[in-house]
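Whatever order the structure lists them in is the order used to number ligands and atoms, beginning at 1.
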Amino acid sequence: MHEPLGVLDTVESVANRRVSAVEVTGECLRRIEAHDRTLSCFRETYPDRVVDAARRIDRLIASGEDPGPLAGVACAIKDNIVTDFGRTTCGSRFLADFRSPFSATAVRRLTAAGALIIGKTNCDEFAMGSSTEHCAFGCTRNPWDLDRVPGGSSGGSAAAVAAGLCPAALGSETGGSIRQPAALCGTVGVKPSYGRVSRFGLVAFGSSLDQIGPFAGCVRSTALLLRVIAGADARDSTSTPLEVPDYLAAIDEPIPDLRIGVPRQYLSDENHPAVNEAVRRAIEVFTGLGAEVLEIDLPLTAYGIATYYIIATAEASSNLARFDGVRYGRRASLAEGEGLYDLYARSRSEGFGAEVKRRIMLGTYVLSAGYYDAYYNRALKVRRLIKQELDAAFARCHALIGPTAPTPAFAIGEKADPLSMYLCDLYTINANIAGICGISIPAGFAQVDGRTLPVGLQIQCKAFDEATMFRVARMFEKSTDYHTKRPEMGKGG
Ligand code: GLN
């Protein structure tokens, strides 16, 4: 069997009728069948539906009609993004049988562009986690080493793309859930600026932080995917009316007088040595391309995690109040004499996992009378300072580079203490807090216990400057070959 096709190759080959959409989709389904029992990327797949959709694409092409910019591209959807077919569980027992009456705007835009929705992918419950272990239905495995996590919370999407089960996937971010698993699985993952992509149909976690974004095997593919899903949406008042540039059109043009910032705080001695090594090599690559590399000081980096775990949990405690046993999902059965309060308490106690309960309790606490000012209001002030610090950095440079995550993929079960898990997002979380955009791209490998594990490089740009972010990422990708390496499982067969 041949190597799995990426997004752009699929679009090209299907449009030129070298292969049919039905054939490429069939190949994805075959690979899912062969590997997903081991990897557990998918919650469910839609074989009949996706083959029907592929047939429609082939018919459009045969009759000379434009099938759309993503025609024939099989795309997986994180299971916290609703579809009006199949189930959307958010990795939670609470929603184990939940069926949405509508699809998310991002899903509708993908479908309108000719993409084929192949299935829903595993995630940490309600996207709370960094390893996909907090999924009520079992964890996803990293295709580079089955004993390791794929990262999270969009781990199923990242692992599916890395293993070549499908060329593209959507994930969601609140604090790093696309970039971190992309880094740990060796794929490209994009966190768009807050407001770039409609959140309509993304099950809310922290509404002032959440964004949907794409995964794919190379920078250009993610640029195309983002172009399709981005843009104003009347159903999400926080989506920006700003025009969406054609990211692909200028992606190969290097940026003149490029200034790259390297935050001092990102190259900590506590990072895995291979992670710092990858950043140092990236600095050399950019210097070799004529860029000026500046050291940047971001002393507020360390406050990101604390700030995030106040704001995100506060918003989560409010957003998750809708899961009350009455309107959505699980409804507990009551004993004789029990009333409405018991229905809420029982449904929530039975339906939510431990991490989700922890977040709800934390969030309720920081919003409670007497603590609101001390925690929530103070966190909002720190949020403003973090944003100002990043704005000042972007006045000096086009992009910031650094590690995506402090370490390569860790072992399943290794981070039992919640705080150690929270620290995985040290370098990604401030982008969500400040609403800027970021991308993780393959940038090296670490040898850990005799295994080869991918390492990601993060590139961050100011809000709504995804065009620059893609161009900088593409400059690096063109000069390196890390993105061409696949885990054994991601090769043909
Ligand atoms: N790991 C972070 C958390 O658990 C971020 C999750 C996310 O981005 N969805 O909250």
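Thr222 places a side-chain heavy atom less than 4.5 Å from the side chain of Phe470.
Formation of a donor-acceptor pair under 3.5 Å by the Arg93 side chain with backbone atoms of Glu350 is found in this model.
Cation-pi contact between Lys485 and Phe445: absent, since separation from the ring centre below 6.0 Å together with deviation from the ring axis within 45° is not met.
For Phe94 and Phe323, the ring centers are positioned less than 6.0 Å apart.
For the pair Arg378 and Asp373, the salt-bridge criterion is not met [side-chain N within less than 4.0 Å of a carboxylate O].
Applying the salt bridge (Lys or Arg N to Asp or Glu O under 4.0 Å) criterion to Asp145, with sequence neighbours excluded, gives Arg148, Arg451.
Protein residues with a heavy atom closer than 4.0 Å to ligand 1 are Ala127, Met128, Gly129, Ser130, Ser153, Glu173, Thr174, Gly175, Gly176, Ser177, Phe205, Tyr308, Tyr309, Arg359, Asp425, listed by chain and number.
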